[in-house]
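Notes follow once the structure below has been shown.
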Protein chains: 10
Amino acid sequence: MNRLDVTEKIISTKVSKGIKWEDVAKKVGLSKEWTTAACLGQMTLDASQAKIVGKIFGLNVEEQKWLQVVPYKGSLPTPVPTDPLIYRWYEIVSVYGTTIKELIHEEFGDGIMSAIDFSMDIVRQSDPKGDRVNVVLSGKFLPYKQY
Amino acid sequence: MNRLDVTEKIISTKVSKGIKWEDVAKKVGLSKEWTTAACLGQMTLDASQAKIVGKIFGLNVEEQKWLQVVPYKGSLPTPVPTDPLIYRWYEIVSVYGTTIKELIHEEFGDGIMSAIDFSMDIVRQSDPKGDRVNVVLSGKFLPYKQY
Amino acid sequence: MNRLDVTEKIISTKVSKGIKWEDVAKKVGLSKEWTTAACLGQMTLDASQAKIVGKIFGLNVEEQKWLQVVPYKGSLPTPVPTDPLIYRWYEIVSVYGTTIKELIHEEFGDGIMSAIDFSMDIVRQSDPKGDRVNVVLSGKFLPYKQY
Amino acid sequence: MNRLDVTEKIISTKVSKGIKWEDVAKKVGLSKEWTTAACLGQMTLDASQAKIVGKIFGLNVEEQKWLQVVPYKGSLPTPVPTDPLIYRWYEIVSVYGTTIKELIHEEFGDGIMSAIDFSMDIVRQSDPKGDRVNVVLSGKFLPYKQY
Amino acid sequence: MNRLDVTEKIISTKVSKGIKWEDVAKKVGLSKEWTTAACLGQMTLDASQAKIVGKIFGLNVEEQKWLQVVPYKGSLPTPVPTDPLIYRWYEIVSVYGTTIKELIHEEFGDGIMSAIDFSMDIVRQSDPKGDRVNVVLSGKFLPYKQY
Amino acid sequence: MNRLDVTEKIISTKVSKGIKWEDVAKKVGLSKEWTTAACLGQMTLDASQAKIVGKIFGLNVEEQKWLQVVPYKGSLPTPVPTDPLIYRWYEIVSVYGTTIKELIHEEFGDGIMSAIDFSMDIVRQSDPKGDRVNVVLSGKFLPYKQY
Amino acid sequence: MNRLDVTEKIISTKVSKGIKWEDVAKKVGLSKEWTTAACLGQMTLDASQAKIVGKIFGLNVEEQKWLQVVPYKGSLPTPVPTDPLIYRWYEIVSVYGTTIKELIHEEFGDGIMSAIDFSMDIVRQSDPKGDRVNVVLSGKFLPYKQY
Amino acid sequence: MNRLDVTEKIISTKVSKGIKWEDVAKKVGLSKEWTTAACLGQMTLDASQAKIVGKIFGLNVEEQKWLQVVPYKGSLPTPVPTDPLIYRWYEIVSVYGTTIKELIHEEFGDGIMSAIDFSMDIVRQSDPKGDRVNVVLSGKFLPYKQY
Amino acid sequence: MNRLDVTEKIISTKVSKGIKWEDVAKKVGLSKEWTTAACLGQMTLDASQAKIVGKIFGLNVEEQKWLQVVPYKGSLPTPVPTDPLIYRWYEIVSVYGTTIKELIHEEFGDGIMSAIDFSMDIVRQSDPKGDRVNVVLSGKFLPYKQY
Amino acid sequence: MNRLDVTEKIISTKVSKGIKWEDVAKKVGLSKEWTTAACLGQMTLDASQAKIVGKIFGLNVEEQKWLQVVPYKGSLPTPVPTDPLIYRWYEIVSVYGTTIKELIHEEFGDGIMSAIDFSMDIVRQSDPKGDRVNVVLSGKFLPYKQY
């Protein structure tokens, strides 16, 4: 057994039982973004979180243990994603990448926006011209240090 | 002459004169994100915007015309970016890609978040534990249609 | 079980029973293009459509539920397709790509032709010199917005 | 001098003089799709067509000769295009590739849709919900022969 | 079950029974080249051909049906083949590619040599310095059409 | 100066003077296939052949010397060719690769068809249904030796 | 069953029984290099050799037949090998590739060193500073022929 | 100026003056293999060696200094070489890679054959069936150490 | 059975039993770095070490034999790693690669730092600003030899 | 002018004047590792540091300004490095990558070792068996946060 088996069991149970990520997140007591990432095999749960998730998806004790192991991260099958929704995000990196770099450096100097000390919030914004997906990304700025 | 020559001239002048993207944006009258993308060869200006940008960076009439031509977009030299700041964004797509997909589909159904009818706002958020880069992405949701 | 299993079962049943996509489409009440894409795991059906498709291909309730889940899209095993029929389409993008870009921009300005708000119609056109495949692609034009 | 030099001179002159592909096509007396492809270095002109194009773009006799040489075709810098407009076409091949294959084979049997004995027509279709790009592709069906 | 399963069963039976492609071809009544390609999952047989092949390799009715389905073509596991015999053909394309292109265009003008309306004949030519493999490739020339 | 410079000068002169490969081959006294490959930088000429080629294309003594140096072979810019004519040859290797391998091994046993002790002849075959490109490839069979 | 299954069975048996390649080679009566390559699925044995190898590794009659079938060659999982021992050989090709080419051409003219009419001998050479791996590669020189 | 410029000047001078690597090596007083690698930008000369090479190829003092700088090694333009002579070596690594690995480990245990403490000797071996290229590779065995 | 099966069994048992690498290393009597690499299928154990590891992870005699076979090394699924922790190490090689090269050559001359005669020590360093990972890499310098 | 031009000028001047990185670092007053990275275009200097470096390498005011601009980082020409010294580091990531990941997670939990808040120290360690390169890498541990 490995983490991928557990992830596939979670997804399969989600489909057959019609579970929603938002409800899982409420029971776990964390954001829906982090909780979904954890269920999809990208984050690590502690024992009590794993028990809650295990109960929702019918995981046995060994499967719950896998949820507590740091996974090999990376959720996409190809370097350039083929799925249109995920590709649009890759396109943003490709088209706006140098823009993002210029503006963060103009404001903060040399360094990066952390993808570890990081949070994400995805919300629906009603709009008469068609609803919008609004996403807030928040990452700590980490400056390069001289030594 | 091609668009790349104009982009390089803009960047070179920016360094030698010490121009800031934020000041360019104010003179053009648009967001700093869109304005920077346009100066870096990813967006198309109209004649009056091209004139303003041309004045700032010392571009002649032909160079200003190139700013009004739709460019071949894509600002990065490799499919997987090597620059640490831009890589962190690619890492977000790689690690959180399936999470983003699941949550948008849970909320909106099948479709995508547009990268065309789209805006981005990058701001500094002060934080005693270290300032944060906050980014708001807003894209229209476009559902797949049956036919 | 995952979506791929369902797709393979549909294809396998199609071969053994000699089902035609056009007949499936008529029963579902939509175009043959959209219906085939859905059966091949690229589109999402609603419950009543999934029931019709399930009846045709002998899918059980759980398999029908998978037809209602948004799939990870992308139907080809390699970035450059090896199948000659599909390659000819890739070749059109490769050879005519900049032509398509120039003409759409000349007519519409900066933006894209949507691949989401999109339809396709493939028909046979009799021709004494050899029948022709005629395909009509129709996609909404989405202009880049300034912000 | 090579064909690429001639293509770049044509594009550069088009920008500085503000020439439209549609007007070039009218003077050449062929479709705007084929004419644009030829000017972008993907098709071969005969001597009289090369003279007309040469006059429009100020090409000398040697440059006109290059327009009559069969070029090494392929207009994109990367296997997966980074430009959003061209990517949407690649996405159509990626998402609908197996659908297109199934439907053409269901109608015609084993073989391909030619990308050589082929024409394309790109037109604007007005639509109150947003204008549409309509494209008609027409290619001869070429069946595999037994031998 | 899919086409690949049928191909593997054919190859496995060929080894255990010691069947020769040439004998299969004689029974099918077509060239050994086309027949072998069909048995290896690259071509489509009609019902009576599938029955003959099925009898030779012990295929049941469902497996025979798969032989009549147009396959997703492409028989090699990597873009650059690792097998020395097949690599030599790839090398010919790599080293002589532009030569082939120049000479066909010099003789025929712009267009291609069809790989669909195409036949191949592989024969042994005795030679005291070492026997030679002689291959005749014959493909219809398809000129680009203006439109 | 390097071999590529000489190749480009030959091609450029060929276009401006309207020279034909067949005529070059006759003056050199070898097949048009080998001669073209040599002029395109894939084969090595001896001093007297280089002098003849040099006279035809106006090459000076140093440029003629480069024609006598064994070149780094490989004439295509990408592993998978984008040019439709050359791609059709690559497609033949892809689709028929295992067929070629099976039939040569059935006839000759384990080994390869040489791409070095090799010749190629490209001829036009008139055909009322459309002329055909006929190509004869002849390579020595080289068996693997046990040791 | 396929050749890979036979290769894996041979390797698995070798580990559990502690067989040495050198001993296998002695029983087969050929060099240890060729024999090992054959057992690893890269060379073809005749019936009597297959019987000997089959007896050593406990292969049944059908498995012995697979040893007599010409395999699809290529023993490494990636174009650039990740295993340090094999990478060092790839590094030799990468660093010394042009050196090897220059020196063979200086001595022999245009052509190649055959990898088919080829043998290899790997021996240990004692050395007080640390033992050395000595490898002799011997390949027939095959000159390019003019035609 | 960089090392590549010096390498190109050496090769260009070699062609125009008809210099042989073997003669360069004799003057430098080292093997022809190492000397050629150094002249091709893969090895580092000391000041006196650089002076000798500089005299042979007409290099000035600054160019001689570049010969003394450790270069970024790697002499081939692509991961899989396209040149037939160099490809044959890559093919040996691909086909015999696991064989080499097995035999070296059987003799020496876990470790590698050094490509640094390494020498190579390329010689012609006359043979009535066609001369052979004999190559001796000698590398120190470096065992993995436990710690 | 192969080495990968043994590695997966070790990892699976580690999760279900909650074993720590540090404890395994203590029992084996070697560093935790080398021991972990061996258990993950990158290093070779001797019989007594394999017995200890086998006892800890419940491996039978055949599985213990696999631990004594030199593995095909390389522990990552893609050339550019997707896991953020491992990517940071790749980033260090990408950003600092030329720096490392310059400084080692300035100190030692032409050669490499061995990755075979090599050790690694990973320790936690407490720090009020956030604990640090300190890693000491130690590799023998191997100079290129002239010959 | 761009950053790459400045980097090349620095390297070129370093060779012709025989400057050492260690001496540059002393004058700048920082570690030789950070200083070398900055001179090679991977780090950003402030105005006074740029002045010192400019004086050493003879850079004018505009070139000094480029040293103060945040560069697009990434110092290697290919994803898998070809240079043997740098490859050994990539090999360490490839072979020990999962080991490093396991041990850091065992000690610290889920998170990464920063490559930004990071330092490196390369020193020579004398050893009678051959001197060693010792490298200390120190990076802050950054834990994934729940939100």
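- Within a 6.0 Å radius of NZ in I:K9, other residues, nucleotides and ligands contribute more than 12 heavy atoms.
- Within the structure, side chain to side chain donor-acceptor pair (under 3.5 Å) pairs that include any residue of residues 21-40 of chain I comprise I:W21-J:E102 (at least two apart or interchain).
- The candidate with the highest count of non-hydrogen atom pairs below 4.5 Å against chain I, out of J:T98, J:I116, J:D127, J:V136, is J:T98.
- With a 4.5 angstrom heavy-atom cutoff, I:L40 touches chain J only via side-chain atoms.
- If you measure heavy-atom distances from I:L142 to chain J, you find no contacts under 4.5 Å at all.
- Within the structure, the side chain to side chain donor-acceptor pair (under 3.5 Å) test picks out the following pairs touching residues 112-124 of chain J (sequence neighbours left out): A:K145-J:D117, I:E107-J:R124, I:R132-J:D117, J:R124-J:D131.
- Residues of residues 81-90 of chain J lying under 4.5 angstrom from chain I, judged on non-hydrogen atoms, are J:D83, J:P84, J:L85, J:I86, J:R88, J:W89, J:Y90 in numerical order.
- Per-residue counts of heavy-atom pairs under 4.5 Å with chain J were compared for I:K73, I:K101, I:E91; the largest is that of I:K101.
- With rounding to the nearest 0.5 Å, the separation of CZ in J:F108 from CD1 in I:I122 is 9.5 Å.
- Interface remark: of the candidates J:A37, J:A115, J:G130, J:S75, J:S75 forms the most heavy-atom pairs closer than 4.5 Å to chain I.
- Inter-residue side-chain proximity for J:V133 and I:I112 is flagged as unmet; no heavy-atom pair is nearer than 4.5 Å.
- For the ring pair (Phe, Tyr, Trp, His ring centres under 6.0 Å) condition, no pair includes a residue of residues 38-84 of chain J, sequence neighbours left out.
- Per-residue counts of heavy-atom pairs under 4.5 Å with chain I were compared for J:I104, J:D110, J:V95; the largest is that of J:V95.
- Side-chain N or O atoms of I:K140 include one that pairs as donor or acceptor with a backbone N or O of J:K129 at under 3.5 Å.
- Of the two parts of I:N134, the backbone and the side chain both hold a non-hydrogen atom closer than 4.5 Å to a non-hydrogen atom of chain J.
- If you measure heavy-atom distances from I:I100 to chain J, the contacts under 4.5 Å come from both the backbone and the side chain.
- The environment of NZ in I:K14 is crowded: more than 12 heavy-atom neighbours from other residues, nucleotides or ligands sit within 6.0 Å.
- Options J:Q42, J:M43, J:H105 differ in how many heavy-atom pairs under 4.5 Å they form with chain I, and the most are formed by J:Q42.
- In terms of heavy-atom pairs under 4.5 angstrom with chain I, the leader among J:V93, J:V123, J:T99 is J:T99.
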